[in-house]
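As structure tokens, the structure follows; a few thoughts come after it.
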Amino acid sequence: MATPGALRVLEHNIISYKRVWKGTVFSSFVNPVLFLAAMGLGLGTLVDAGGRAAALGTTSYLAFLAPGLMVATAMQMASFESAFPVMAGMKWRKTYHAALSTPLRSADLVAGHLVFVAFRLVMMAVVFAIVITAFGAVEFNRALLAILPAVLTGLAFAAPIAAFAGSLESDYGLSSMFRFVIVPMFLFSGTFFPIDQIPGWLQPLVYVVPLWHGVELTRSAALGTATALNPLIHIGVLVAVLVIGFVAAIRAFEKRLIK
Amino acid sequence: MIEPLVHAQSLVKRFGDFTAVDDVDFEVAPGEVFGFLGPNGAGKSSTMRMIGAVSPVTEGTLRVFGLDPKDHGAEIRGLIGVVPQENLLDMELTVSENLLIYGRYFDIPRATIRERMVELIEFAQLGEKVDAKVEDISGGMQRRLTIARSLINEPRLVLLDEPTTGLDPQARHVLWDRLYRLKQQGVTLILTTHYMDEAEQLCDRLVVMDHGKIVAEGSPRGLIRDYATRDVVELRFPVGVQETIVGTLEPLADRVEILPDRVLLYTTDGDATMRAVNAAGLDPETVVERRSTLEDVFLRLTGRSLID
Ligand SMILES: Nc1ncnc2c1ncn2[C@@H]1O[C@H](COP(=O)(O)OP(=O)(O)OP(=O)(O)O)[C@@H](O)[C@H]1O
Ligand SMILES: [Mg+2]
């Protein structure tokens, strides 16, 4: 039986990744350790001492922060791993052009790319789960459960960003995207503080922020707390963004590569 | 009659309003080495990319292995080998990794790829470089690797877009030898080139393209016979002299071509023409007598030289 095109593309990605995997695992370990130490323990002690943890709906600031940080990191990594490799495939390494002179099609390139991002997300999230368990922020089995919504959220970013990067002529637009879209979402989606701290008139905005839906799901999975809306709505939004992004990415790839 | 491997009729490729390939017809028979010769922008790559089922046909009919690329693109791409004008290798991977990932794109089992790799590395003479990163090997080696890569699926038809452009003469000869071996194995080759010597060496049959159109078709010998004379005498005169002696030159040859920097006399007997030039009392700075080439054919057909 024929190997699906996406998996053939994945093999290429894995071979390239073999050269750098140790470094990426190391940084996916160091990154949460630093954040959790500085904010979870350092800043968290102040929050907890002020008796404010209850307002977060959790036992400690560390417990509030850990799942939020996990999903926000998933978003950040997925965005990065989608934007630059797609740019490289189109423009810098032109690996996509070579692939399309074989039986592969644009849809295989997009699907293979997303499967690879999913693989990277799972690896990162497993390390993250181990770290937050070691910090005593969450129980290990719950931390593992949180991997699912975190990976889904990551993919909901990877797909539309693949479409965006695939349509860009230069990487100039990517730095704007990170500065004006990804970083604000990272900070203001209920990751570091509950969204009821945002001025009331701005709050409805979070409904259109995919990361907020991901934060709600991941925190609920990690801590067993309730989600803001019906969990199916949160899941539905993320899946919808993923599917629309996937279709848009195929279109963008075809438009760019088939001339 | 043998079914042609590639068959194009009234083939057109447009990019927006611009017509890159303008109503061309050609056929390539199995086992043949078929060439597209033409200057920059003639439409050679555009034609090749349509044959390779990577670029959609705008108008006209195209069949590759009897299949329409529009409906059978993936199938056609699985059957052919492609050497694009740009190598499109993964510079960050090694020579062998490039062959491996490309073979996997065709879904060839890993064990089979490893077997073929041995032959292909030998074919491309890259034995010492198997584990070298592609960015660290020379341009000629990269080109040979691209050709080796195109053979990973054991294609019966290989498309080579300017296989030797940018290579030094020695590397070109090595490549010609490799291509000739493929031909002997019965592989059909379609290639494009700017070099008339390459076309003369390799092609059984070729078409000359200019501005998206085919301006002549035939074997290298046949084209030279039809569009040029056997010999050419090239004369260079001091600046300003050339214009004054056109009248004297005209009777000396079958045809006289005046270029900005030299005069070409087309003749069936070069020696006789040389003597006639001397007898007419002309005193050129340099004189070269040579056989006609496809360059002369191109000049005759388009009024321009092939390499600007
Ligand atoms: N994707 C494209 N979009 C717009 N115009 C294009 C595109 N590809 C090719 N062209 C134009 O079509 C014409 C033919 O290009 P093509 O690459 O087929 O020429 P060529 O004969 O291969 O030239 P060269 O010898 O320089 O490789 C050129 O004028 C080129 O600018
Ligand atoms: Mg070309």
Side-chain angles (χ1 to χ4, degrees), chain A residues 1-24 81 84-113 115-116 119 166 169 250-259, chain B residues 13-16 20 45-46 48-56 58 69-70 72-94 96-110 113 133-135 146 149-150 152-153 155 158-159 161:
Chain A
M1 214 198 76
T3 314
L7 297 186
R8 306 184 207 167
V9 175
L10 178 67
E11 286 188 44
H12 185 167
N13 286 324
I14 299 277
I15 287 178
S16 302
Y17 181 59
K18 267 194 202 154
R19 294 178 191 283
V20 293
W21 76 273
K22 283 184 191 139
T24 67
E81 287 301 320
F84 294 100
V86 167
M87 206 71 202
M90 291 285 177
K91 201 175 140 102
W92 299 326
R93 286 163 86 184
K94 295 201 170 170
T95 45
Y96 291 162
H97 300 74
L100 288 191
S101 62
T102 73
L104 296 178
R105 294 156 306 137
S106 296
D108 300 317
L109 292 177
V110 175
H113 166 70
V115 175
F116 178 68
F119 161 77
E169 285 300 330
I250 295 175
R251 293 248 171 91
F253 276 44
E254 281 174 348
K255 184 153 182 265
R256 182 75 176 276
L257 294 166
I258 299 177
K259 283 186 171 151
Chain B
K13 179 74 201 185
R14 270 194 282 274
F15 298 103
S45 297
S46 304
M48 292 290 258
R49 289 163 46 76
M50 285 191 281
I51 302 171
V54 292
S55 170
T58 310
K70 185 156 109 3
H72 301 274
E75 201 178 336
I76 292 171
R77 294 195 299 271
L79 292 170
I80 64 176
V82 176
V83 177
Q85 188 164 351
E86 277 183 83
N87 287 326
L88 305 177
L89 294 162
D90 190 336
M91 304 296 264
E92 290 169 28
L93 298 186
T94 65
S96 61
E97 285 170 337
N98 265 276
L99 293 174
L100 177 66
I101 57 125
Y102 202 73
R104 290 298 299 142
Y105 282 167
F106 288 87
D107 202 21
I108 303 167
R110 266 175 227 91
I113 296 173
K133 261 197 188 185
V134 170
E135 64 186 0
T146 307
R149 181 183 68 172
S150 76
I152 196 89
N153 56 331
V158 183
L159 309 178
D161 198 351

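Letters A, B, ... are given to chains in the order of the sequence lines, protein chains preceding strands, and every chain is numbered from 1. Below, all heavy atoms of this structure are taken into account, side chains as well, without hydrogens, waters or symmetry copies. Bear in mind that the values here come from a model prediction, so they are computed numbers and not experimental data.
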> Can you say whether Thr94(B) sits under 4.5 Å from chain A via the side chain, the backbone, both, or neither, judging by heavy atoms?
Replying inline: both

> Which answer fits Leu79(B), side chain, backbone, both or neither, if we ask what part of it has an atom under 4.5 Å from a heavy atom of chain A?
Replying inline: neither

>> At a 4.5 Å cut-off on heavy atoms, which part of Glu97(B) comes close to chain A: side chain, backbone, both, or neither?
In response: side chain

>> Given heavy-atom pairs under 4.5 angstrom as the criterion, report whether the side chain, backbone, both or neither of Arg14(B) touches chain A.
In response: neither

> Shortest non-hydrogen contact from Tyr105(B) to Pro103(A)?
Replying inline: O-CD, 4.1 Å

> What parts of residues 9-19 of chain A touch chain B if we use heavy atoms and a cut-off under 4.5 Å?
Replying inline: Val9(A), Glu11(A), His12(A), Ile15(A), Ser16(A), Arg19(A)

>> Shorter than 4.5 Å, heavy atoms on both sides: which option in Leu93(B), Ile76(B), Asn153(B) has the most such pairs with chain A?
In response: Leu93(B)

> Between atom CG of Leu89(B) and atom OG1 of Thr95(A), what is the distance when rounded to the nearest 0.5 Å?
Replying inline: 11.5 Å

> Given that the side chain runs from C-beta out, which part of Pro56(B) has a heavy atom under 4.5 Å from chain A: side chain, backbone, both or neither?
Replying inline: both

>> Is the shortest side-chain heavy-atom distance between Glu86(B) and Lys94(A) below 4.5 Å?
In response: yes

>> Tell me if the CZ atom of Arg256(A) is crowded by more than 12 foreign heavy atoms within 6.0 Å.
In response: yes

>> Pairing donors with acceptors under 3.5 angstrom, does anything connect the side chains of Thr3(A) and Asp107(B)?
In response: yes

>> To the nearest 0.5 Å, what is the distance between CE on Met48(B) and OG on Ser101(A)?
In response: 12.0 Å

> Which of the residues Leu100(B), Asp90(B), Val54(B) is involved in the greatest number of heavy-atom pairs with chain A at under 4.5 angstrom?
Replying inline: Asp90(B)

> Does any N or O in the side chain of Arg77(B) come within less than 3.5 Å of the main-chain N or O of Leu100(A), such that one atom is a donor and the other an acceptor?
Replying inline: yes

> How many angstroms lie between OG1 in Thr102(A) and CD1 in Ile80(B), if you round to the nearest 0.5 Å?
Replying inline: 10.5 Å

> So what's closer than 4.5 Å to chain A heavy atoms on Leu88(B): side chain, backbone, both or neither?
Replying inline: both

> Distance from Glu92(B) atom CD to Trp92(A) atom CH2, nearest 0.5 Å?
Replying inline: 11.0 Å

